[in-house]
Amino acid sequence: NAGVTQTPKFRVLKTGQSMTLLCAQDMNHEYMYWYRQDPGMGLRLIHYSVGEGTTAKGEVPDGYNVSRLKKQNFLLGLESAAPSQTSVYFCASSSRDLATYNSPLHFGNGTRLTVT
Amino acid sequence: TQLLEQSPQFLSIQEGENLTVYCNSSSVFSSLQWYRQEPGEGPVLLVTVVTGGEVKKLKRLTFQFGDARKDSSLHITAAQPGDTGLYLCAGAHGTGTASKLTFGTGTRLQVTL
């Protein structure tokens, strides 16, 4: 019963390098989200997707891109990493829209990214 | 932009003590969720409160949603070391596919023997 799986768990990048974070869910959920977590700031929404082939911007989208080519996968890309992107990144999914159905989020265990 | 402020930010107590965590906003939310997060893991849902004034109990944890649906509280009775973790409130807002969760700033609780 895997739920939401994130890879990699840890990564160190140099400024200007690029990388892709992978999120996979096996619960057949329509909605998927990428958050970043920084001390004292809670979780902030980067991008989200309401279904295969769709993406939308969240609260802090600059410097990130996403793709949802398959329903079960949601990729987060950093084209040119900056030290300000040092953070813990969490992927989450939900079966239905959050407000109408009070659906909970199911989170992965995060990717700790350091940009030097 | 919806903001959720949690207080206190940090709390260190001894086993057996009671505590209350507050989650406040100037915005109205359609529902409010509480999550607990342990080191190296993602947040896990504890409870969802939907109706203004609603009170829900989960063993020693009592959750309340404010009458105006702008604030919430979490009360823990007789805290145990297993309650240690980061507690996050999250308010749901928007409609349909545009609905989102805004997370609070978090309360880190440590319960010692």
From A:L105 atom CG to B:F103 atom CZ, the distance as rounded to the nearest 0.5 Å: 5.5 Å
Is there a path of hydrophobic side-chain contacts, each under 4.5 Å between heavy atoms, that joins [X] and [Y]?
{"X": "B:Y22", "Y": "B:L74", "answer": "no"}
{"X": "A:V88", "Y": "A:I46", "answer": "no"}
{"X": "A:F74", "Y": "A:F107", "answer": "no"}
{"X": "A:L76", "Y": "A:Y31", "answer": "no"}
{"X": "B:I76", "Y": "B:L11", "answer": "yes"}

Heavy-atom neighbours of B:R36 CZ exceed 12 at 6.0 Å: yes
Neighbour count above 12 (heavy atom, 6.0 Å) for A:E79 CD: no
Of the non-hydrogen atoms in [X] and [Y], which two are nearest, and what is the gap between them?
{"X": "B:T105", "Y": "A:G40", "result": "CG2-O, 3.7 Å"}
{"X": "B:G42", "Y": "A:N109", "result": "N-OD1, 3.3 Å"}
{"X": "B:Q37", "Y": "A:F90", "result": "NE2-CZ, 3.2 Å"}

Part of A:L43 within contact of chain B (heavy atom distance under 4.5 Å): both
Interface moiety of A:S103 toward chain B, non-hydrogen atoms closer than 4.5 Å: backbone
Determine the option with the most heavy-atom pairs under 4.5 angstrom with chain A, choosing from [options].
{"options": "B:S31, B:G91, B:A90, B:G94", "answer": "B:S31"}
{"options": "B:P43, B:G104, B:G106", "answer": "B:P43"}
{"options": "B:L101, B:L88, B:T48, B:L32", "answer": "B:L101"}

Greatest number of heavy atom pairs closer than 4.5 Å to chain B - which of A:M41, A:R96, A:Q37, A:R44: A:Q37
Contacting region of B:E41 [heavy-atom separation from chain A under 4.5 Å]: both
